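All remarks here apply to the structure that follows.
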Amino acid sequence: MTKPIMSDHFIDRKPSDIRAAQIEFAKRTDNVKAINVAIGNVSLPMHPALFKRMSNLADDSSPFNKGVLKYTATVGMKETNQAILNIIAASNFKVDNLYSQITDGGSHAMELVIIGTCGAAGTSEKPLMLIDAAYTNYLSMAKRTGRATVSISRKLQENGKFALPDISEIEKMIETEKPGALVVIPYDNPTGHFYDHQTMIELGKLCVKYNLWMISDEAYRELYYVDTQTSSIWGLTNDNVPGIEGRRISIETASKVWNACGLRIGALVTDNYEFHEKCVFEQTANLCAPAIAQYIMGGLAHETKEDLQAWFLKQRTYYKEIGQALIEEFHEWVPSGIISSPDASLYSVIDVRNIAKPGFDSSDFVKYCTKTGKVEIDGTEYTLLVAPMSGFYKVKEGQPNPGKTQMRVAYVETLEKMRLIPELFANLFNQFESQRT
């Protein structure tokens, strides 16, 4: 009997590069322990306001104390939306004319903005414009919804700094490709690149000039480690970018700053009421985001600005220490390698282009680490799971992919385990290279 045929999309589907290492390592049968920094799965406790609500779901104060769990409004609970706006306000941005809706994590918000700002499915009209290396979920969501993407690449320089293309190059691509929206990630995933306020202004002016939506992924807002001010799309106004208001969209999430990856609560915030309304209409097909998770996130609606800012500082201090220690140790263990400066978010990119033999492929290296690679440290055998970077770049056929020699490291393990990464990486890299002809 013949089997039913899957869609071409499913037949071609592979796990994301971020998850691939974890899936492959799960097949391993020896006793090697993995230090998994392939995925940004934060291991710190949630903000106390979230933990308190999670711990008291059956208390008299909880709406679930009778065991009744109904759908919420599609836009989300009022308190949860207030929490999102309270967070933005704590970063010293005005929220008077912002409209928030709660989504199933930031990923669902991505899907909604792609549907809402790009051309029709199956066409190349009004593509989504990305700046490579770009977070792979944008490519995945665009593919899922049949929308086109275009990319312009930045470069990881020898000093470990990522550099945006000249603004004239970005403008030229906009003129050629005619995108519907530009995605920026001010605290960048995957690179750790920080877009300062002036850079956001310059990009915002292009969006106004060419009538684009400006989508800012602000999952890591306030996680910056350079001496500057908080950067955000909500710092752009008609005063510094005439015409920007009414085209601003941000993607928010509980995952990173609030250490609640598994809560799966995100938000789509915009200053354009019509866009907000249509997004809510589109989301009615999903009914609503998880009600219990919304309630837990709603605890942040009642935190003061001072309390939230103290939390931001605590998170920044923690990740700054990890990032600085990582690059210092890395330069000792792999002196000719390149590691990106940890300026923002919780990632660094390792590039072995100067030391790898010709033909090095980071995906093959990751497979080696997951399947057979191991290093003994203090009597324990370890391997290292990192994310290969090829999938973060969209390059034309025949053009070299910078990600072939690059791997992303997330600052998500304990401090003790993070300190093992440079030694682990150096030894695994040497093992891998020694077996290559």
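Source: prediction; values computed, not measured. In this chain, residues are counted from 1 in sequence order.
P179 is listed as a side-chain neighbour of I174, based on a closest heavy-atom distance under 4.5 Å. Within the 4.5 Å cutoff, the side chain of K404 has no heavy atoms near those of the R353 side chain. R264 places a side-chain heavy atom less than 4.5 Å from the side chain of S255. Taking 4.5 Å as the limit, some side-chain heavy atom of L415 sits within range of a side-chain heavy atom of I322. With a 4.5 Å cut-off on side-chain heavy atoms, N259 and Q315 count as touching. Contact check for L182 versus L130: no side-chain heavy atoms found under the 4.5 Å cut-off.
Using a 4.0 Å cut-off between charged side-chain N and carboxylate O, E171 and K209 make a salt bridge. Remark: K94 does not engage D96 in a salt bridge, criterion side-chain N to carboxylate O under 4.0 Å. E433 has a carboxylate O that lies under 4.0 Å from a charged side-chain N of R436, or vice versa, which qualifies the two as a salt bridge. A salt bridge is absent between K367 and D361: the closest approach of a Lys/Arg side-chain nitrogen to an acidic carboxylate oxygen does not fall below 4.0 angstrom. A salt bridge does not link E125 to R147: none of the charged side-chain nitrogens sits closer than 4.0 Å to a carboxylate oxygen. A salt bridge is absent between E177 and K394: the closest approach of a Lys/Arg side-chain nitrogen to an acidic carboxylate oxygen does not fall below 4.0 angstrom. Comment: D343 engages K161 in a salt bridge, judged by a side-chain N to carboxylate O separation of less than 4.0 angstrom.
The aromatic rings of F429 and F425 lie parallel to each other, with less than 30° between the two planes, well short of the 60° mark.
Looking only at atom types and distance, the side chain of E158 has a donor-acceptor partner in the side chain of N354 under 3.5 Å away. Side-chain polar atoms of Y220 and Y347 form a donor-acceptor pair below 3.5 angstrom. A donor-acceptor pair shorter than 3.5 Å can be found between the side chains of R247 and N211.
N189 contributes no side-chain N or O that, together with a main-chain N or O of I185, makes up a donor-acceptor pair within less than 3.5 Å. In this structure, D271 contributes its side chain and Y99 its backbone to no donor-acceptor pair below 3.5 Å. Without hydrogens or angle criteria, S362 side chain to Q406 main chain gives a donor-acceptor distance under 3.5 Å. For the pair D132 (side chain) and S151 (backbone), a donor-acceptor distance under 3.5 Å is absent.
Atom CZ of F360 and atom CD1 of I355 lie 8.5 Å apart (nearest 0.5 Å). Atom-to-atom distance recorded for R316:CZ and K320:NZ is 9.5 Å, nearest 0.5 angstrom.
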Evaluate T117 against K126 for side-chain contact (heavy atoms from CB on, under 4.5 Å), listing each step before the verdict. CA-CA 8 Å; T117 64; K126 295 173 63 179; over 6 Å; no
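Remark: of the listed residues L300, T253, L44, I296, L300 is the sole one forming a side chain to side chain contact (heavy atoms under 4.5 Å, CB included) with W258.
Listed by first and then second residue, the ring pair (Phe, Tyr, Trp, His ring centres under 6.0 Å) pairs involving residues 224-253 are F194-Y224 (not counting sequence neighbours).
Remark: H193 engages Y195 in a ring pair (Phe, Tyr, Trp, His ring centres under 6.0 Å) (not counting sequence neighbours).
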